[in-house]
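The structure appears right after this line, and notes come after that.
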Amino acid sequence: MPELPEVEVVRRGLHEHVLGATIESVQVLHPRAVRRHEPGPRDLALQLTGQTVAAVQRRGKYLWLVLEPADVALVVHLGMSGQMLVQPPSVPDEKHLRIRAVLDNGADLRFVDQRTFGGWALAPLVEIDGDLLPVPVSHIARDPMDPRFDADAVVNILRGKHTEIKRALLDQTVVSGVGNIYADESLWRAELHGNRITDTLSRPKLRAVLAAAREVMGEALAQGGTSFDALYVNVNGESGYFDRSLDVYGQENRPCSRCGAAIRREKFMNRSSYSCPRCQPRPRVRRA
DNA sequence: TATATCTCCTGCGGGC
DNA sequence: TGCCCGCAGGAGATAT
């Protein structure tokens with residue numbers, strides 16, 4: 001599932017392969033892939049045609065292409081299964097090809113998305129806290145890999161909330177880029193159960209979980225991201241290797257690499273959470 | 001206002 | 001073999 005490291009791998013690939021390219025034509029093959037572009041598929045195709053990719057940027061799990069001369073952003077979210085592929089036109093269409101942009105450098109930029117949670121949208125850029133961001137990204141907090149990420153400020157936000165720490169880690173307006181996999185890995189490294197309540201946790205403990213998030217996502221990025229199946233790939237269609245380094249996510253009943261206890265799986269927010277019952281004890285009082 | 005839950009979507013795998 | 005159901009989960013919408 002694409003979280004920050006996987007999206008950053010894609011961003012780097014796009015920077016290498018599409019920066020400076022001009023879009024010659026666009027085909028939207030599935031309207032749901034552009035549902036966040038309110039004027040509709042035809043407008044998106046029309047506005048993209050003739051635009052040149054001036055930059056490829058990312059915040060959290062969002063990435064965007066800055067387009068000139070219109071000076072707008074093509075905002076891309078991969079959702080759960082989205083892929084941005086740079087392919088020669090001779091490569092047959094992928095089964096779940098949703099959008100194709102033909103570039104003047106002889107390549108296709110393809111958006112492939114099995115579960116259609118992702119999509120493309122055009123948006124103006126606005127200045128937020130010294131950064132130029134597309135409007136749909138303006139509410140997204142800085143991610144832990146951002147050079148201007150302020151861990152102390154995030155600790156203060158967490159201390160001011162009364163919610164479970166895992167829920168807060170997944171809230172992209174608090175800290176971005178963290179999804180279910182890296183939330184579990186970060187909490188395991190910080191030896192915290194995801195149901196612990198934020199305003200009961202010490203500042204050092206909150207700093208530790210943020211540091212763990214930065215650390216684990218940095219390691220994943222160095223290995224090209226995490227992949228469990230063919231759903232996450234880089235722009236060349238290759239998978240990362242970090243799934244081989246996960247300590248808890250997907251490790252149910254396997255021994256904890258720190259203490260040997262069997263990793264447990266629990267339901268949380270309608271999804272699976274993995275943790276070590278010994279290193280990460282449940283809070284004594286659980287909320288209803 | 002803050003927090004919690006629901007909903008969208010498709011393909012795979014297990015059970016019958 | 002084929003059908004049904006649960007599961008995977010990001011993020012906006014809706015409910016509390």
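Letters go in sequence order (proteins before strands), and every chain restarts at 1.
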Please tell me if the side chains of Val76(A) and Leu14(A) come closer than 4.5 Å, counting only heavy atoms from C-beta onward. no
Contact class for Arg265(A) vs. all strands (heavy atom < 4.0 Å): base, sugar-phosphate, or nothing? sugar-phosphate
What is the distance, rounded to the nearest whole Å, between atom CG of Leu158(A) and atom C1' of dT3(B)? 14 Å
Return the value, rounded to whole Å, for the distance between atom CE of Met269(A) and atom P of dA15(C). 18 Å
Rounded to whole angstroms, how far apart are CG on Asp113(A) and C1' on dC8(B)? 12 Å
Roughly, in whole Å, what's the span from OH in Tyr274(A) to P in dC7(C)? 11 Å
Any salt bridge (Lys or Arg N to Asp or Glu O under 4.0 Å) involving residues 90-111 of chain A? Give me the pairs, sequence neighbours left out, ordered by first then second residue. Asp93(A)-Arg100(A), Glu94(A)-Arg110(A), Arg100(A)-Asp108(A), Asp108(A)-Arg110(A)
Pairing residues for Glu16(A) by the side chain to side chain donor-acceptor pair (under 3.5 Å) criterion, not counting sequence neighbours: none
Picking from dA8(C), dG12(C), dT5(B), the nucleotide nearest the side-chain atoms of Arg167(A) would be dT5(B)
To the nearest angstrom, how far is His139(A) atom NE2 from dA2(B) atom P? 16 Å
Round to the nearest Å and state the distance from Asp171(A) atom CG to dA2(B) atom P. 12 Å
Euclidean distance, atom CZ of residue Phe268(A) to atom P of dT5(B) [Å, nearest integer]: 9 Å
Could you state the atom-to-atom distance from CG of Leu170(A) to C1' of dT3(B) in whole Å? 14 Å
Considering residues at least two apart in sequence or located in another chain, which fulfil the side chain to side chain donor-acceptor pair (under 3.5 Å) criterion with Thr22(A)? Thr52(A)
When you check the phosphate oxygens OP1 and OP2 of dA2(B), does a side-chain N or O of Thr163(A) lie under 4.0 Å from one of them? no
So the salt bridge (Lys or Arg N to Asp or Glu O under 4.0 Å) pairs with at least one residue in residues 37-61 of chain A (sequence neighbours excluded) are Glu8(A)-Arg58(A), Arg58(A)-Asp143(A), Arg59(A)-Asp131(A)
Go along nucleotides 9-14 of chain B 5' to 3' and tag each nucleotide: B for a protein heavy atom under 4.0 Å from its base, S when only backbone or sugar atoms are that close, - otherwise. BBS---
5' precedence on DNA chain B between Arg271(A) and Gly160(A) (nearest-nucleotide basis): Gly160(A)
Can you confirm whether Asn270(A) is buried at CG, in the sense that more than 12 heavy atoms of other residues, nucleotides or ligands lie under 6.0 Å from that atom? no
To the side chain of Lys161(A), which of dA11(C), dT3(B), dG12(C) is closest? dT3(B)
Partner set under ring-ring contact (aromatic ring centres under 6.0 Å, His included) for Phe149(A), not counting sequence neighbours: none
Is the distance from OP1 or OP2 of dT5(B) to the nearest side-chain N or O of Lys267(A) less than 4.0 Å? no
Are OP1 or OP2 of dG10(C) and a side-chain N or O of Tyr182(A) less than 4.0 angstrom apart? no
